[in-house]
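Right, one structure below, let's go through it.
Computed over heavy atoms, backbone and side chain alike; hydrogens, waters and symmetry mates excluded. All residue numbers refer to positions in the sequence shown, counting from 1. This structure is a prediction, so every number in the text was calculated from the model and none was measured.
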Amino acid sequence: MSVKRHYEREFVRTFFTSPTAVEGEDDSAKMLRSAAQLSGMQAPDVWVPDNEDATAPSMRDEGVENIIEVVSEHGADFPGEIHPRIVWHRDSPGTRYQGFQHMLEIADPDNGAVDHIDGFVVPEVGDIDDWKKADEFITIVENEHGLEEGSLSMSVIVESGEAELAMGDLRAEMGRPANNLERMFLLVDGEVDYTKDMRAMTPTGELPPWPELRHNTSRGASAAGLVAVDGPYDDIRDVEGYNERMVENQAKGMLGIWSLTPGQVVEANKSPLPPKTGSWLLEVGDREIELDAEDGKQVYRGDDVGLESTDDGYVLRVGGEEHELDEDELRQELLDMTAYVPSMDDIVDSMEEFEAAKEAGKGAIAMTQSATLVVDGVEVELQKDRMWDEATYQAAQTPITLFQDVYEHRPDQHEELEEMYGSDIVERATDVGN
């Protein structure tokens, strides 16, 4: 039985932070104004006016004023959710009090912003008791201003060993009468401060990849019915690295990531969506090489794999090693080396076919993928059969469920999605599985 989710959105692809006040500018709120007017694929699912690390301590009071002004003006038209990040620290009562005062000001109905505020992001949390302190402060804010209890969500940034361990307690703590932790929404990794807290070092000074933290955050979110988001990817020009990080995360169930620029937002908004067209991959060593689709065939053009036909069969060369194979052996070897990345159309087709088979009383069916692989001009016919049962169907449904969540909550992206896939596929994708 799946965990009950207390929040409307099941998926968050993008967590975009903006400084709330920029020192030395005629308009200190200019970054907020720019972010507040983003739309379509450039607009994040969650926008975070960042009144903590992104804003100088001397500017944070002004940052609160800027949040109120900009959100009051543009919040109604912003297509995503708005979750300001306030100051907090597990070891500093003064910092926690300052964050509380900022939340009180932002949430004051007389200031005009709270109608467009979905919740608050709390950084630098500690053990589960510290999470409860933040929860209680938000409850007080709601009561002080006559807001419905639980109307403001709480997301935390996991930036310490204490916070990482607290995720293991969260499932048991949510729903206790003494707290309102059902307001929890996002678990966000903050690898920079986590590295500092763990006193970790690398020879180059770069951040460790922290796959364990990302796994634990994804697991904690799954267990508690929350959404997991990875931390910032600082090299904003490294688009390939950013996409590789997202693919790694998606295999862990972490489908959201921090975005630092509108360009990263676009990449992160598109990354978990099924591709428009399917593609075949050839696995060579520890690399996966995408094959070129030409005239209905899949062509390999690299130098790491070679193939020639002989009187007795074939010679397959992989990484300097040669293998003499007959036709069946060659086909099996190449089947082991290839993988297929299904398109949106492929996934929808397969789901519809399985639904029809289930309706007809079948519990499992075989799905076939076929291709003509071309290596050094030699053509080999490949065919893969995969059994689909209910578990396979549900696993394949995740990207479609994500798409449906996006389509429901982001109407500003409808036009771009239809341009990407075509209106027919979009219509079928929104219907399948329901």
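- For the atom pair CZ (Arg301) and CG (Leu291), the distance works out to 10.5 Å, reported to the nearest 0.5 Å.
- Summarising the local packing, CD of Gln383 is surrounded by more than 12 heavy atoms from other residues, nucleotides or ligands at distances under 6.0 Å.
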_Intermediate values then yes/no, side chain to side chain donor-acceptor pair (under 3.5 Å), Tyr242 and Ser271_ = CA-CA 10 Å; Tyr242 191 54; Ser271 178; over 6 Å; no
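- Atom CG of residue Leu187 and atom OG of residue Ser155 lie 8.0 Å apart, to the nearest 0.5 angstrom.
- Residues satisfying the side chain to side chain donor-acceptor pair (under 3.5 Å) criterion with Glu390, sequence neighbours excluded, are Lys358, Gln394.
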*Tell me, with the steps shown, if Asp230 and Glu191 meet side-chain contact (heavy atoms from CB on, under 4.5 Å).*
CA-CA 9 Å; Asp230 191 17; Glu191 286 92 345; 2.4 Å; yes
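- Scored by the side-chain contact (heavy atoms from CB on, under 4.5 Å) test, Ser34 finds no partners at all (sequence neighbours excluded).
- Evaluation of the ring pair (Phe, Tyr, Trp, His ring centres under 6.0 Å) test over residues 148-185, restricted to residues two or more places apart or in two chains, returns Tyr7-Phe185, His83-Phe185.
- Met387 CE: more than 12 foreign heavy atoms inside a 6.0 Å radius.
- Between the side chain of Ser350 and the main chain of Asp346, a donor-acceptor pair closer than 3.5 Å is present.
- Applying the side chain to side chain donor-acceptor pair (under 3.5 Å) rule to Thr372 yields the partners Glu381; only residues at least two apart in sequence or on another chain are considered.
- For the pair Thr401/Phe11, a side-chain contact is recorded, criterion being any heavy-atom separation below 4.5 Å from C-beta on.
- When side chains are defined from C-beta on, Val432 counts as touching Ile400, because their heavy atoms get closer than 4.5 Å.
- Formation of a donor-acceptor pair under 3.5 Å by the Arg13 side chain with backbone atoms of Lys270 is not found in this model.
- More than 12 non-hydrogen atoms from other residues, nucleotides or ligands lie less than 6.0 angstrom from NZ of Lys384.
- Counted within 6.0 Å of CG on Asp115, heavy atoms from surrounding residues, nucleotides or ligands total more than 12; the atom is thus considered enclosed.
- Side-chain N or O atoms of Glu149 include none that pairs as donor or acceptor with a backbone N or O of Thr139 at under 3.5 Å.
- Side-chain contact between Glu408 and Thr430 is absent, with no heavy atoms from C-beta onward closer than 4.5 Å.
- You'll find the side chain of Glu416 stays beyond 4.5 Å of the side chain of Met420, heavy atoms only.
- Although no hydrogens or angles enter the test, the distance criterion places a donor-acceptor pair under 3.5 Å between the side chain of Ser218 and the main chain of Lys252.
- Salt-bridge annotation for Asp189 and Arg214: absent, with no side-chain N of the basic residue lying under 4.0 Å from a carboxylate O of the acidic one.
- The local environment of CE in Met31 is sparse, with at most 12 non-hydrogen atoms from other residues, nucleotides or ligands closer than 6.0 Å.
- The pair Asp431-Arg428 does not meet the salt-bridge criterion, since no charged nitrogen lies less than 4.0 angstrom from a carboxylate oxygen.
- Atom CD of Glu427 sits in a sparse spot, with 12 or fewer heavy atoms from other residues, nucleotides or ligands closer than 6.0 Å.
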*Trp47 and Asp118: side-chain contact (heavy atoms from CB on, under 4.5 Å), yes or no, with the steps?*
CA-CA 10 Å; Trp47 174 41; Asp118 296 281; over 6 Å; no
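- Scanning for side-chain contact (heavy atoms from CB on, under 4.5 Å) contacts around Ala293 gives Gln298, with sequence neighbours left out.
- Within the 3.5 Å criterion, the main-chain N or O of Leu335 finds a donor-acceptor partner in the side chain of Thr338.
- Surrounding CD of Glu294 are more than 12 heavy atoms belonging to other residues, nucleotides or ligands, all under 6.0 Å away.
- Between Leu273 and Leu417, some side-chain heavy-atom pair lies under the 4.5 Å cut-off.
- For Asp376, the side chain to side chain donor-acceptor pair (under 3.5 Å) criterion is met by no residue, not counting sequence neighbours.
- Applying the ring pair (Phe, Tyr, Trp, His ring centres under 6.0 Å) rule to pairs touching residues 255-284 yields Phe15-Trp258, Trp280-Tyr340, sequence neighbours excluded.
- Here the closest heavy-atom approach between residue Ile257 and residue Gly231 is recorded as CG1-O, 3.7 Å.
- Side-chain contact between Arg85 and Asp53: present, with at least one pair of heavy atoms (C-beta onward) separated by less than 4.5 Å.
- Ring-plane geometry between Phe354 and Trp388 is classed as tilted, the angle between the planes lying from 30 to 60 degrees on a 0 to 90 degree scale.
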Side-chain donor-acceptor distances from residues 63-73 under 3.5 Å, at least two apart:
from  : atom 1 : to     : atom 2 : distance (Å)
Asn66 : ND2    : Thr20  : O      : 2.9
Asn66 : ND2    : Ser28  : OG     : 2.9
Glu69 : OE2    : Arg33  : NH1    : 3.3
Glu69 : OE2    : Arg33  : NH2    : 2.8
Ser72 : OG     : Ile68  : O      : 2.5
Ser72 : OG     : Asn111 : O      : 3.1
Ser72 : OG     : Gly112 : O      : 3.3
Ser72 : OG     : Ala113 : N      : 3.4

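- Contact check for Val227 versus Arg9: no side-chain heavy atoms found under the 4.5 Å cut-off.
- Checking side-chain atoms of Thr14 against main-chain N and O of Pro44 turns up no donor-acceptor pair under 3.5 Å.
- Side-chain contact check for Met344 versus Lys276: every heavy-atom pair is 4.5 Å or farther apart.
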*Kindly indicate, with the supporting measurements, whether the criterion side-chain contact (heavy atoms from CB on, under 4.5 Å) is fulfilled by Asp108 and Val114.*
CA-CA 7 Å; Asp108 188 339; Val114 72; over 6 Å; no
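- Scanning for side chain to side chain donor-acceptor pair (under 3.5 Å) contacts around Trp131 gives an empty result, with sequence neighbours left out.
- In this structure, Lys30 places its NZ atom where only 12 or fewer heavy-atom neighbours from other residues, nucleotides or ligands lie under 6.0 Å away.
- For Glu159 (side chain) and Glu124 (main-chain N/O), a donor-acceptor pair under 3.5 Å exists by modelled atom type.
- Without hydrogens or angle criteria, Arg96 side chain to His89 main chain gives a donor-acceptor distance under 3.5 Å.
- A donor-acceptor pair is defined here as one N or O able to donate and one able to accept, closer than 3.5 Å; no such pair exists between the side chain of Gln37 and the backbone of His74.
- Interatomic distance, Met246 CE to Leu255 CG, rounded to the nearest 0.5 Å: 11.5 Å.
- Look at Glu162 and Arg90 and you find a salt bridge, because one of the NZ, NE, NH1 or NH2 atoms lies within 4.0 Å of a carboxylate O, short of that distance.
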_side-chain contact (heavy atoms from CB on, under 4.5 Å) evaluation trace for Asn269 with Asp45_ = CA-CA 8 Å; Asn269 273 339; Asp45 290 339; 4.2 Å; yes
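- Sorted by first then second residue, the ring pair (Phe, Tyr, Trp, His ring centres under 6.0 Å) pairs that include residues 91-121, not counting sequence neighbours, are Phe100-Phe137.
- Proximity of a side-chain donor or acceptor of Asn243 to a complementary backbone N or O of Val239 within less than 3.5 Å is detected.
- Every residue meeting the side-chain contact (heavy atoms from CB on, under 4.5 Å) condition with Glu415, not counting sequence neighbours, appears here in chain and number order: Glu419.
- Applying the side-chain contact (heavy atoms from CB on, under 4.5 Å) criterion to His414, with sequence neighbours excluded, gives Tyr407, Pro411.
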